[in-house]
Each structure stands twice: as structure tokens, then as C-alpha cells.
Amino acid sequence: MSSNTVLEVENLSVDITVPAGTLHAVTDLSLTVDKGETLCIVGESGCGKSITSLAIMNLLPGKATKTANKLSLEGTDLLSISEKEFANLRGDRIGMIFQDPMTSLNPVFRIGDQLEEVYIEHGKGGRKEARERAEFLLEKVGIVAPRERLSQYPHQLSGGLRQRMMIAMTLMCDPTLIIADEPTTALDVTMQAQTLNLLRSLQKEFNAGLILITHDLGVVARMADRVMVMYAGRAVETGTAVEVFDQPNHPYTQGLINCIPVPGRNEPGSKLGSIRGIVPALVGDLDGCMFRNRCDFVSDDCRGGDIELKEISPGRAYRCLLNPEESARNLTAESAA
Amino acid sequence: MVKFLIHRLYISVLVAITVSVIAFALLRLSGDLAAELAGEDASEEEITVVAKQYGLDRPMYIQYFDWAGNALQGDLGRSLFTNEPVAEMIFERIGVTLKLAFYSIVIGLVMAIPLGVLAAVKPNTWIDRMSLGLAVFGQAIPNFFFALLLILVFGVQLRWLPISGNDTLAHFIMPAFTLGMGVMPQFMRLTRTGMLDVLGSDFIRTARAKGLNPMRVLFKHALRNAILPIVSLMAVVLGFLLGGTVILESIFALNGVGFLAFESITRQDFPVVQSIVFLLSLAYIILTLLSDLINAQLDPRIRLG
């Protein structure tokens with residue numbers, strides 16, 4: 001690991017006890033995030049991307065258990081510390097931004113109280129310093145008249161403003177890692193772009209690592225330094241944004257990219273791309289490739305055994321039995337079709 | 001906030017007027033008051049005399065304005081039975097009733113809120129089931145029976161507590177505990193439901209993600225949101241406690257308003273009954289107004305929305 005590494009996760013698995021048995025929400029997931037770097041975790045609903053973030057934050061619901069070989073934040077071993085020590089890290093060294101800004105702020109407290117609370121609780125300073133820090137950050141997130149905004153309540157602000165408040169709140173203690181779970185999904189399109197730009201520039205300015213969770217490949221293209229595509233609780237493809245978009249190796253990634261309508265490629269009135277079938281249930285013993293029932297290139301070998309994440313260059317890997325040449329051929333065939 | 005206050009006050013006054021009309025009319029619609037006052041064997045002439053004496057022969061709206069006009073000046077008429085001013089009779093006794101209601105609701109809340117919070121934090125565990133059991137017990141056991149049990153154990157057997165009268169604080173322990181036990185279940189269930197609801201919300205997840213102390217998350221961020229319906233229920237329960245303690249006041253010989261109402265009904269002392277009904281309704285209205293104001297103070301969405 002380089003000295004720049006903020007977060008290291010090795011072989012993270014999360015199991016959830018459900019009435020039908022054990023649900024393997026996340027299986028054998030490894031990732032790293034560097035300072036100032038953006039890792040996008042992309043996948044569809046239920047692929048385990050949010051659970052991954054909650055596992056890193058130690059905020060999993062009671063019915064979920066996590067195991068990992070390594071979980072470390074700037075050298076702090078997150079697996080060996082108590083929940084109390086973990087709580088001291090949350091909001092301080094790891095900040096989290098949630099999906100719905102309309103419900104993520106407490107309706108009965110002033111915005112200012114909610115921002116300053118993090119600062120004071122983590123012993124960064126008193127009420128006065130907290131207020132100054134809050135005003136400073138509100139200016140940073142582009143809010144005019146921060147003083148007035150701080151004395152308002154969440155319901156008096158629009159969704160876009162609230163999400164900026166959430167971003168400011170996350171930055172109160174100058175975290176080294178920011179996890180943003182679908183931060184723009186609940187916003188309208190113009191606000192989405194603004195919020196993403198803001199997040200990106202602030203993350204660079206504060207030199208924090210950013211894990212951005214999304215289902216939107218457009219967001220990935222705009223934001224990501226590196227990408228991890230998740231399917232059924234596993235990483236199925238990792239690489240830099242350029243690599244993954246230019247040369248997707250996993251049939252699932254290829255399918256996802258193929259679903260994006262592109263002016264010129266998609267004739268007006270023609271059907272958009274889709275991936276047939278549905279996500280498999282993750283309860284019980286899981287074997288073979290999770291994508292096999294939806295894959296156009298499935299073979300008998302895909303039905304059993306452990307399919308490993310194949311590393312083709314440092315940081316570039318995919319979980320498929322096809323070799324890179326085969327998948328590249330499939331890609332050209334598919335886009336020609 | 002001022003606009004909100006004026007609006008609520010305006011509604012409260014309208015409701016108070018409506019209630020006074022109803023309280024006044026109900027009593028007169030329940031039968032011929034003059035005939036009842038004159039007695040079973042009274043002749044037509046005697047009834048007419050009685051009606052004239054008490055002004056019952058006048059049109060009803062005149063009687064109402066007469067009564068309401070006096071009431072506004074603090075004159076609620078005189079008791080037909082003792083000839084004392086009604087206002088004085090009630091004023092002498094209201095202290096006991098207020099004390100009992102206050103102690104009862106405090107005892108109820110002190111039991112209900114911690115239990116409700118605990119039950120919500122650990123749903124479907126033994127502590128949740130235990131508090132549910134206690135709630136069922138409190139709701140199912142009749143007040144008078146529970147009071148008699150307490151008297152038997154703590155008054156008669158152990159001789160720890162006085163069983164009748166209202167002279168000292170000790171006299172209020174058993175009646176207040178009985179009533180507190182009776183009102184506890186609704187508060188506890190409401191706390192539990194409210195907290196369960198709030199604890200699942202996004203802003204609680206945010207509070208946890210901020211690394212706040214769990215107690216701060218629970219009692220500041222969660223309870224502040226869950227307490228709103230409890231404040232509203234408090235107004236209703238206090239109103240009930242002010243008027244609905246007749247049986248307990250009789251059992252423990254507490255000389256309160258409930259006991260007076262009970263006596264006056266049996267004696268057909270209509271000025272007293274009418275005044276008590278009206279004053280209790282007024283208390284309900286004021287309590288509701290207060291709970292609305294407290295809720296507005298607690299929830300900016302009501303105040304500013």
C-alpha cells in the first residue's frame with residue numbers, strides 16, 4: 001500500500017439473517033481508496049453497494065454480520081476497535097452523505113445546530129469555532145447568506161440546498177474519507193450536475209478519498225477515477241474509468257454500457273438496450289457465476305465452482321471465465337448487432 | 001408564531017362558546033328542571049312557582065345569556081342544595097383534583113417513557129414483552145379494583161400509607177399511582193410506536209453516521225420527534241383525569257371536583273353540575289391549546305410551515 005492510501009478493504013463479506021436463511025449481501029469484496037481519489041461503486045439495486053458502505057461505517061443493521069481480512073483507515077485497524085471508538089471516527093475521519101436530503105436532516109433542529117453538533121461532539125472546538133467553521137463551509141458549498149441559512153430549519157430549504165448542507169456537514173471535521181451513497185438520485189437533473197461538480201471540487205480541495213455509490217453510469221463517467229462494478233454482492237469488474245468504459249470485459253458491464261442510449265448509435269424509435277432476466281436471490285449456498293442466467297456467453301463451466309476475480313493488470317480485474325480477447329470480440333459483435 | 005397563536009386562540013374561544021351552549025342546553029333537555037326540583041308530588045301551580053323562582057319560565061336563550069353574563073364575571077350561581085356560591089364550592093375542591101391529576105400523569109409518564117423507549121430500542125425482546133405485559137395489566141385492571149388492592153396491601157396489611165383524606169402528600173400516593181397505572185399504557189405504546197418509527201428514519205442514520213453518542217441520538221434526535229403525539233395525548237389524558245376521577249375520589253375520600261360532581265348529580269343540583277361540565281370542557285380546551293403551543297415550539301414545521 002502507498003502512503004496515500006486512505007481506505008483498504010480486503011475480502012469483506014456481509015451476511016444477513018433472513019427468515020429463509022442466510023442472505024449473502026456482499027461476498028469477498030476488496031477495494032482501496034487513495035487520498036483525493038474517487039472510486040465509483042456502480043451496480044443495480046440490491047447488488048450490495050449500500051451494504052458495503054454501511055459495513056465500512058460499522059452501521060450495519062443488527063441482523064447483518066460482517067467478516068473481512070482487513071479493514072483499515074489510514075493505518076487504523078477498523079476490525080479491532082470497539083463500536084465506541086468507531087463512533088469517534090464516524091463524522092470525524094469518515095463522513096457520509098446519504099441519498100435523500102429531504103429526510104436525512106432532522107426536521108426539528110436548526111441546520112446550524114446539526115452542523116455544529118458534529119464539530120463539538122468530536123472535540124474540535126467550542127460553539128463559537130463550530131459556528132465559524134459552519135459558516136466557512138456553507139460558503140464553500142456555494143450558499144449565499146450562510147448566517148441566515150444556519151438558523152433555518154430543514155423544511156425551509158429546497159432539496160438541492162439540503163444536499164449542500166449535508167456535504168458541508170460531512171466536511172465539518174475535515175474527513176479523510178467521504179462516502180456518498182447515491183447523493184444525487186433524489187435531486188432533479190440540473191441540481192445533480194451542480195452537486196456532483198461541487199462534491200468533486202471540494203473532495204480535491206480537502207484531499208479526501210471519495211467512495212461514490214451510484215447506479216448511474218453517467219455519474220460514473222463524470223466523477224470516477226476508478227470504477228468497481230458490483231453484481232449480486234461481488235465485484236465483477238474493476239479498473240480506471242477509461243479502461244472500464246473503453247474496454248469492458250465482463251458481460252454484465254458490457255450490458256450496462258450497452259443500455260445507455262447514445263445519439264447516433266440508437267436510431268430514433270428503436271428499442272433501447274436491456275439485460276434480460278432478473279437478479280438472482282442471494283439466499284443459501286451460492287455457486288458459480290451469479291450472472292450466468294442473464295449472460296449471452298454462458299457455458300457449462302459457469303454453473304459451478306468458484307469464479308475468481310482475474311487481475312489483468314494492477315487494479316484492473318474482472319470476474320468471468322472468458323479471456324479478454326473473447327470478451328472484446330463479444331463486445332464488437334454486440335454493438336454491431 | 002404570533003399568527004399561529006392568534007389563530008389557535010380564536011378557535012379556542014369559538015369552541016368554548018359552543019361548549020357552554022351545549023352544556024347549558026343538555027341539562028335543560030334532560031327533563032323539566034322545575035318539575036324535578038319541585039318534587040314528585042308537586043302540583044302544576046307548585047312547579048310554576050319553582051320555575052318562576054329560578055327563572056326557568058323565561059325563554060331558553062335569555063336564561064343562557066343571563067347565565068353566561070354572570071359566568072363571565074365569575075358568578076356561577078348558587079347551589080340549590082347548600083346555597084353556597086358554586087364558584088366557591090368548585091374553587092375549594094379544584095386543588096385536590098388538580099394535584100391528583102398532576103401526580104397521576106407524572107407517575108404515568110415516568111413509567112411510560114423510559115419503558116416505551118427501551119421497548120423500541122430492543123423490539124421483540126424480553127424487555128419489550130415485559131412492558132407490553134405491564135401495559136395490558138394497566139389497561140385491563142379496573143381502577144377501583146386496583147385501588148382496593150393497594151388499600152388492602154399498603155393501607156391495611158402493611159399500614160404504610162393513609163387510605164382516606166387529602167391532607168398530606170402521602171394521601172395522594174395510592175390514588176395517583178392507581179390513576180398513573182391506568183394512563184401509563186397509552187403513553188407507553190405511543191412512545192414505543194413513535195420511537196420505532198423515528199429510529200428507522202434517515203435522519204437517525206445520519207446522526208449515527210455523524211458519530212454522535214448513542215444516548216444523544218436516542219434522547220435528543222429521536223425522542224424530540226417521537227414526543228409530539230405524546231404531548232397531544234397528555235392534554236386529553238389530563239382532561240380525563242380532571243373529570244374522570246369520581247370513583248377514585250370516592251374510594252379514597254378525596255374531596256375533589258369529581259366527588260362534588262357525583263354528589264350534585266344525585267342531588268339534582270343543576271347549577272353545580274352545569275358549571276362543572278362547563279369548567280371541565282374549558283379545561284380541555286385550554287389543555288389542547290397548550291399542547292398545540294408546546295408542539296409548535298417543539299416542531300418548527302407546525303410553527304413556520
Side-chain angles (χ1 to χ4, degrees), chain A residues 50 53-54 56-62 83-111 113-124 151-156 162 165-166 169-170 172-173 175 178-181 186, chain B residues 1 3-4 117-128 191 194-232 291-305:
Chain A
S50 290
S53 67
L54 293 178
I56 295 168
M57 294 288 282
N58 208 31
L59 284 176
L60 286 170
E83 162 52 27
K84 204 173 169 218
E85 292 168 299
F86 220 122
N88 289 335
L89 296 180
R90 280 200 297 269
D92 184 3
R93 287 169 64 195
I94 320 176
M96 185 148 183
I97 302 166
F98 293 100
Q99 176 169 346
D100 192 350
M102 303 309 270
T103 57
S104 292
L105 289 162
N106 196 328
V108 301
F109 295 112
R110 292 177 197 280
I111 299 282
D113 291 338
Q114 298 190 51
L115 259 71
E116 291 153 25
E117 180 181 45
V118 205
Y119 195 78
I120 296 166
E121 179 99 356
H122 288 292
K124 301 286 169 187
S151 63
Q152 285 186 311
Y153 289 92
H155 76 276
Q156 294 170 299
R162 287 192 216 184
M165 294 294 178
M166 284 296 293
M169 191 157 84
T170 308
M172 279 299 282
C173 295
I178 301 169
I179 303 177
D181 187 357
Chain B
M1 191 65 186
K3 205 174 138 200
F4 178 81
V117 170
L118 266 177
V121 172
K122 303 208 170 295
N124 304 318
T125 57
W126 66 269
I127 191 138
D128 188 15
T191 309
M195 282 297 277
L196 266 181
D197 206 32
V198 171
L199 286 176
S201 63
D202 288 349
F203 60 80
I204 291 301
R205 194 183 48 185
T206 307
R208 290 196 177 123
K210 281 157 81 176
L212 302 184
N213 179 313
M215 285 296 145
R216 193 180 170 86
V217 174
L218 208 57
F219 287 99
K220 188 183 163 197
H221 284 263
L223 195 56
R224 175 78 175 262
N225 280 276
I227 206 116
L228 301 170
I230 296 172
V231 172
S232 307
S291 81
D292 282 351
L293 293 180
I294 293 173
N295 271 345
Q297 200 51 50
L298 289 173
D299 189 345
R301 287 167 296 182
I302 302 175
R303 188 169 5 127
L304 307 166

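For the numbers below, each heavy atom of this structure counts, side chains included, while hydrogens, waters and symmetry mates do not. Within every chain, numbering begins at 1; the chains are lettered A, B, ... in the order of the sequence lines, protein sequences first and strands thereafter.
- Contacts with chain A were tallied for Asn225(B), Val198(B), Asp299(B); Asn225(B) has the most, counting heavy-atom pairs under 4.5 Å.
- Looking at Leu59(A), the atoms closer than 4.5 Å to chain B (heavy atoms on both sides) all sit in the side chain, from C-beta outward.
- By a heavy-atom distance cut of under 4.5 Å, Ala87(A), Arg90(A), Gly91(A) are the residues of residues 86-93 of chain A near chain B, going up by number.
- Of all the heavy atoms in Pro300(B) and Pro107(A), the pair that sits closest is CG-O, 3.3 Å.
- Contacts between residues 215-222 of chain B and chain A, defined by a heavy-atom separation under 4.5 Å, are made by Arg216(B), Lys220(B), His221(B).
- The backbone N or O of Ser104(A) sits less than 3.5 Å from a side-chain atom of Thr206(B), completing a donor-acceptor pair.
- Scanning both residues, Asp202(B) and Asp100(A), for their nearest heavy atoms gives OD2-CB, 4.1 Å.
- Heavy-atom distances place both the backbone and the side chain of Leu212(B) under 4.5 Å from chain A.
- Here the rule is side-chain contact (heavy atoms from CB on, under 4.5 Å) with Lys210(B), and of Thr170(A), Leu115(A), Val118(A) only Val118(A) fits it.
- Interface summary for chain B: among Gln114(A), Met96(A), Arg110(A), Lys84(A), the most heavy-atom pairs under 4.5 angstrom belong to Gln114(A).
- Proximity to chain B (any heavy atom under 4.5 Å) is shown, for Met172(A), by neither the backbone nor the side chain.
- When each of His122(A), Met57(A), Met166(A) is scored by its heavy-atom pairs under 4.5 Å with chain B, the top score falls to His122(A).
- Proximity to chain B is absent for every atom of Glu83(A), based on heavy atoms less than 4.5 angstrom apart.
- In this structure, Arg301(B) and His155(A) approach most closely via the heavy-atom pair CG-ND1, 3.3 Å.
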